[in-house]
2 protein chains.
Amino acid sequence: MIAQQLASSIERRSGVSLWRQIADQILHAIAIGDFAENAALPPEMALAERYGVNRHTVRSAIAALVQDGVLRAEQGRGTFVLSRKRLSYPIGARTRFSTGLQGQTSERHILLLASTVEPASRRVAEALGLARGADVIRLETRGEADGRPVSRATAWFDAQRFAGIDAAMAETGSVTASLKRFAINDYLRQSTVLSARHADAADLADLDLQPGAIVLVTVAVNVTLDGQPIQFSESRFPAERVELRLSANDQAMP
Amino acid sequence: MIAQQLASSIERRSGVSLWRQIADQILHAIAIGDFAENAALPPEMALAERYGVNRHTVRSAIAALVQDGVLRAEQGRGTFVLSRKRLSYPIGARTRFSTGLQGQTSERHILLLASTVEPASRRVAEALGLARGADVIRLETRGEADGRPVSRATAWFDAQRFAGIDAAMAETGSVTASLKRFAINDYLRQSTVLSARHADAADLADLDLQPGAIVLVTVAVNVTLDGQPIQFSESRFPAERVELRLSANDQAMP
DNA sequence: AAAATTTGTCTATTGATATAGACAATTATA
DNA sequence: TATAATTGTCTATATCAATAGACAAATTTT
């Protein structure tokens, strides 16, 4: 009964192994709340029947999720759900990392992984309104909530105008706080483009994901109140841990 | 030089075959515009070296994309990109299917696949403000642009208030037009929740996707201007064909 | 205490995935 | 026209994924 919601369709000869497809579906069922924390998964034999596969194939899927810290298997008792539901990350004109997750986590912060100065690519130059090849600062950051990585972002700033923002980020752990040092007390998200893909090797490592994981990708431009571009960024969110939420209030312009 | 952007990281023993990972990366590179239409892919040997795999593995990836209509291989010449960039689907308080894609496609419409009356699940009842088990109409639709499926949606309406909306949808092919028959001339999107997952078997068939494809999922509630819930819906967008765009204007409340 | 349920481990076999090498067929280039 | 570059096809082999069956180990139920 509990698992009535679990989808039961898998594809053979797809280039994606059956055990991974099953693992993904279990993960999805947990993510949308079909299984409460500590709830028991259906027995291996029941899952095998449902998906029309061998018990060992189900065991491979479960083993991967146990390895991933999502499930806990106990001999003689059953297999149980460890991980909580996905974080709901609000997104809109006034998207801010820290305030957005309030109430869902007890602790959250942004970690600066690396920063470099480089010539602007076409894409970055266009977004920031700079000449192609102009110096930009690139910041690589990771967002963490309760010790779990929930985002991995790459952000670009005009190197001339925002010289030293890397140090400010390292110190404050906040984009909002860092921008205040450059006399920017408020800013808006001008545009956000959303897509999804499989995580690449670097993201797998940085976000502590298993191969085959999906990331939501947002490409965004932040602007000052009078429309000057400040920041161009690409953020990756692990789809198994985070969902993005557009609420009416967030969508409203200030 | 052309393929300088192509990522070159793949994971072994991940449950996802190497040829599928490579196919996904090529697809992604095309989707973000790294390859223009009719541009030549690097030769098979070059790709094999870049990914550190055998040429035959690259050939499997290319074969899948040729089968999928994304690439065209010509003996002696090379392999060329057929498909265009992703559609950019605007999303916000005033999301409408048809108007949103204007300028990007010459033709677009919504097809009603099926409709049924059923008791409301917990999720649907909560969203629509109905008692659990109350009758609701479920519409299954597919959005098409220039003959290509670009969305697959399931929508629920209060069966009492919107009796006959299935017929209206079949006739008009538009949610906006159908709602006008019920004296609703304007409506807003109250909330949107975004996630991503692998397409299930039904979506693979309906959206004409290859196994392993990723879909963006939006769960949304539409309300009247005074906040009464009208429609609850879950839409799936093939990530390889569609990206979702939040622009400042779309985010603004009217 | 006995029986039933459930996860854990082992062996064996089959099919899909990946590697390796050779050579043919077609097109572009020197 | 010869040469190089590129895709297409074939054979062979190794590894991973999936199936099948049997039984052990731990826990819960009767």
Side-chain angles (χ1 to χ4, degrees), chain A residues 1-3 8-26 35 38-67 70-82 198 210-212, chain B residues 1-3 8-26 35 38-67 70-82 198 210-212:
Chain A
M1 181 64 86
I2 276 180
S8 54
S9 55
I10 50 180
E11 298 286 319
R12 286 164 193 268
R13 279 177 228 93
S14 69
V16 183
S17 62
L18 300 183
W19 65 263
R20 173 144 295 286
Q21 293 183 57
I22 293 170
D24 284 346
Q25 296 205 359
I26 293 173
F35 294 95
N38 294 318
L41 219 63
E44 293 168 352
M45 279 304 294
L47 289 174
E49 257 185 64
R50 174 186 308 249
Y51 288 110
V53 302
N54 192 273
R55 178 177 157 232
H56 295 292
T57 306
V58 170
R59 282 181 62 73
S60 296
I62 290 175
L65 295 175
V66 167
Q67 177 67 28
V70 175
L71 299 176
R72 176 186 76 250
E74 292 181 30
Q75 187 167 353
R77 294 196 64 216
T79 305
F80 302 90
V81 174
L82 279 176
H198 287 115
Q210 297 299 108
Chain B
M1 179 65 86
I2 276 181
S8 54
S9 56
I10 51 178
E11 298 287 318
R12 285 164 194 268
R13 277 177 229 92
S14 69
V16 183
S17 62
L18 300 183
W19 65 261
R20 174 143 292 288
Q21 293 184 57
I22 293 171
D24 283 347
Q25 295 206 359
I26 293 173
F35 293 96
N38 294 318
L41 219 62
E44 292 169 353
M45 279 305 294
L47 289 173
E49 257 186 64
R50 174 186 310 247
Y51 288 110
V53 301
N54 192 274
R55 178 179 157 230
H56 294 292
T57 306
V58 169
R59 282 182 60 75
S60 295
I62 290 175
L65 295 176
V66 167
Q67 176 68 26
V70 174
L71 299 176
R72 177 186 74 250
E74 293 180 28
Q75 188 167 353
R77 293 195 66 215
T79 304
F80 303 89
V81 174
L82 277 176
H198 287 115
Q210 296 299 108

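The structure displayed is predicted, hence computed values, not measured ones. In what follows, chains are A, B, ... by sequence order, proteins preceding strands, each numbered from 1.
- In this entry the distance linking CD1 of A/Ile22 with P of D/dA18 reads 8 Å, nearest Å.
- Proximity of B/Gln21 to B/Asp24: side-chain heavy atoms (C-beta onward) are nowhere separated by under 4.5 Å.
- Taken to the nearest 0.5 Å, the OG1 atom of B/Thr57 stands 11.0 Å off from the CD1 atom of B/Ile62.
- Taking the side chain as every heavy atom from C-beta outward, B/Asn38 and B/Phe80 never approach each other to under 4.5 Å.
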Protein-to-nucleotide contact annotation, 5' to 3' order, nucleotides 12-21 of chain C [B base; S sugar-phosphate only; - none; under 4.0 Å, heavy atom]: ----SSSBBB
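- Nearest approach of A/Trp19 to A/Ser60, heavy atoms of both residues: CB-CB, 3.5 Å.
- OP1 and OP2 of C/dT7 both lie 4.0 Å or more from every side-chain N or O belonging to A/Arg59.
- In this structure, the CD atom of A/Glu44 is 16 Å from the P atom of D/dA18, given to the nearest Å.
- Atom CD of A/Glu74 has more than 12 heavy atoms from other residues, nucleotides or ligands within 6.0 Å.
- With B/Val58 as reference, B/Leu47 is the one residue of B/Leu47, B/Leu18, B/Leu41 to meet the side-chain contact (heavy atoms from CB on, under 4.5 Å) rule.
- By the 4.5 Å heavy-atom criterion applied to side chains, B/Val70 and B/Val81 are not counted as neighbours.
- Contact check of residues 72-80 of chain A against DNA chain C (heavy atom, cut-off under 4.0 Å) returns A/Ala73, A/Glu74, A/Gln75, A/Gly76, A/Arg77, A/Gly78, A/Thr79.
- Annotation: salt bridge (Lys or Arg N to Asp or Glu O under 4.0 Å) contacts of B/Arg55 (sequence neighbours excluded): B/Glu44.
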